[in-house]
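Count residues from 1 along the sequence. Note that these values count all heavy atoms, side chains included, but never hydrogens, waters or copies made by symmetry.
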Amino acid sequence: MPRKSQNFNPMADWLQLGASGMQLWSDACSVIALRTIRMAQGGKTAEREAQLMVDEKIDANMSLAMKLAMAGPSSPEATMRRAVQHYSKPVKANRRRLMKG
């Protein structure tokens, strides 16, 4: 939905979205590395982490699909922004959790 402000700058919006996407990518890379280390150690902790990872991915994808369906038609930028915001929260939470222990 276009903004009503006279200062609307679509390039700035896409640059901000790109920066948010790059932050998500960076956080996701950290989570992948930390999970790989945890799972490589084996044992019950590795099994729990693997199961948690699968469950989280299914939940995140299903809930995003519902959010997008409920939002109705929107621009590619709005859809992408919703997706980046949606995935950023659990990825950051996982990074914090995995960094602790």
Side-chain angles (χ1 to χ4, degrees):
M1 170 184 275
R3 294 184 185 159
K4 295 179 181 169
S5 167
Q6 291 180 349
N7 296 328
F8 174 62
N9 184 346
M11 183 57 112
D13 287 344
W14 277 105
L15 288 173
Q16 176 58 41
L17 180 56
S20 296
M22 289 179 69
Q23 182 63 52
L24 173 60
W25 171 80
S26 175
D27 290 340
C29 287
S30 296
V31 170
I32 291 167
L34 292 164
R35 276 188 160 155
T36 299
I37 292 166
R38 183 163 288 186
M39 287 191 262
Q41 293 170 346
K44 292 289 184 189
T45 303
E47 290 175 24
R48 281 192 304 271
E49 191 64 42
Q51 187 61 53
L52 180 62
M53 177 181 69
V54 171
D55 292 346
E56 286 175 343
K57 288 183 185 302
I58 291 168
D59 289 346
N61 289 327
M62 290 179 68
S63 62
L64 177 62
M66 289 299 292
K67 278 183 184 180
L68 294 176
M70 298 296 282
S74 62
S75 70
E77 177 195 356
T79 301
M80 194 65 184
R81 190 170 304 284
R82 281 190 187 100
V84 168
Q85 288 172 347
H86 175 79
Y87 288 120
S88 290
K89 292 174 187 175
V91 170
K92 285 180 182 183
N94 275 324
R95 185 176 53 81
R96 283 190 302 269
R97 178 182 60 81
L98 290 163
M99 291 289 289
K100 287 181 185 176

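Applying the side chain to side chain donor-acceptor pair (under 3.5 Å) test to D59 and every residue at least two apart in sequence or in another chain returns nothing. Listed by chain and number, the residues in a side chain to side chain donor-acceptor pair (under 3.5 Å) with Q23 are D27 (sequence neighbours excluded). Evaluation of the salt bridge (Lys or Arg N to Asp or Glu O under 4.0 Å) rule for R97 yields E49 as partners, not counting sequence neighbours.
Between G21 and V84, the shortest heavy-atom distance links the atoms N-CG1, 4.1 Å. W14 and P76 get closest at one heavy-atom pair: CH2-C, 4.4 Å. Between E77 and D13, the shortest heavy-atom distance links the atoms OE2-CB, 3.1 Å.
Remark: H86 NE2 to K67 NZ distance equals 5.0 Å, nearest 0.5 Å. One finds the CG atom of N94 at 10.0 Å from the CG atom of L34 (value rounded to the nearest 0.5 Å). One finds the OG atom of S63 at 12.0 Å from the CD1 atom of I58 (value rounded to the nearest 0.5 Å). Atom-to-atom distance recorded for M39:CE and I32:CD1 is 9.5 Å, nearest 0.5 angstrom. Interatomic distance, R95 CZ to K100 NZ, rounded to the nearest 0.5 Å: 11.5 Å. Residue L98 holds its CG atom at 11.0 Å from CZ of R96, rounded to the nearest 0.5 Å.
Hydrophobic clustering (ILVMFWY, side-chain heavy atoms < 4.5 Å, transitive): M99 and V31 are in one cluster. Both V54 and M62 belong to a common hydrophobic cluster when Ile, Leu, Val, Met, Phe, Trp and Tyr are linked at side-chain heavy-atom distances under 4.5 angstrom. Hydrophobic clustering, with ILVMFWY side chains joined whenever heavy atoms are under 4.5 angstrom apart, groups V91 together with M80.
Residues R35 and E56 are paired through a salt bridge, judged by an N-O separation under 4.0 Å between the basic side chain and the carboxylate.
For CH2 of W25, the number of neighbouring non-hydrogen atoms (other residues, nucleotides, ligands) closer than 6.0 Å is 12 at most.
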- request: Show your working on side chain to side chain donor-acceptor pair (under 3.5 Å) between Q16 and S20 and close with a plain yes or no.
  value: CA-CA 6 Å; Q16 176 58 41; S20 296; 3.3 Å; yes

